[in-house]
Structures are given as structure tokens and as C-alpha cells.
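Step one of this worksheet: look at the structure below.
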Amino acid sequence: MDRLKRFTICKLAGHRWLKIGYPAGRDGERSGTFLRCRRCGKENHDAGTVARGPSPIA
């Protein structure tokens with residue numbers, strides 16, 4: 001019930017976003033970031049960054 005209350009507050013007052021890094025891959029490098037709300041825990045994977053690989057035309 002507490003999570004529903006926090007989510008409702010975030011919908012009315014706006015989320016407070018934190019930038020979270022994805023876990024490192026097998027090669028040890030980070031693969032990007034996503035956003036997570038500090039209050040309700042909602043995640044936004046569209047607004048973060050994605051690591052770019054090498055150009056396909058090399």
C-alpha cells in the first residue's frame with residue numbers, strides 16, 4: 001500500500017529521477033544507464049544512455 005501512495009504522489013508532484021548504470025558485461029565495460037525514481041522506484045529505460053558499439057562499416 002505504501003508503494004501505491006508513493007507512486008500517486010509522484011504522479012501528482014513529479015518523479016525525482018536518479019541515473020542508474022546497467023551492470024557490467026562480460027568484458028567489464030558498462031553498457032549504459034537508465035532512470036529510476038527515488039520515491040516510487042519506477043524505471044524509465046527509454047531516457048537513459050545506451051553504449052554504442054563499433055561502426056558496422058569499419
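Because only heavy atoms are used, hydrogens play no part in the values below, and waters and symmetry mates are left out as well, while side chains stay in.
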### Query
Taking it one step at a time, do W17 and N44 satisfy side-chain contact (heavy atoms from CB on, under 4.5 Å)?
CA-CA 9 Å; W17 298 108; N44 185 347; 4.1 Å; yes

### Query
Any idea which heavy atoms bring I20 and R36 closest together, and the distance?
CG1-CB, 3.9 Å

### Summary
Between K19 and L35 the two heavy atoms that sit nearest each other are CA-CD2, 4.1 Å

### Task
Could you check whether the rings of F34 and H45 sit parallel, tilted or perpendicular, using 30° and 60° as the cut-offs?
parallel

#### Entry: Spatial distance of atom NE2 (H15) from atom SG (C40) [nearest 0.5 Å]
5.0 Å

### Query
Under 3.5 Å, is there a donor-acceptor pair between the side chain of R39 and the main chain of G14?
yes

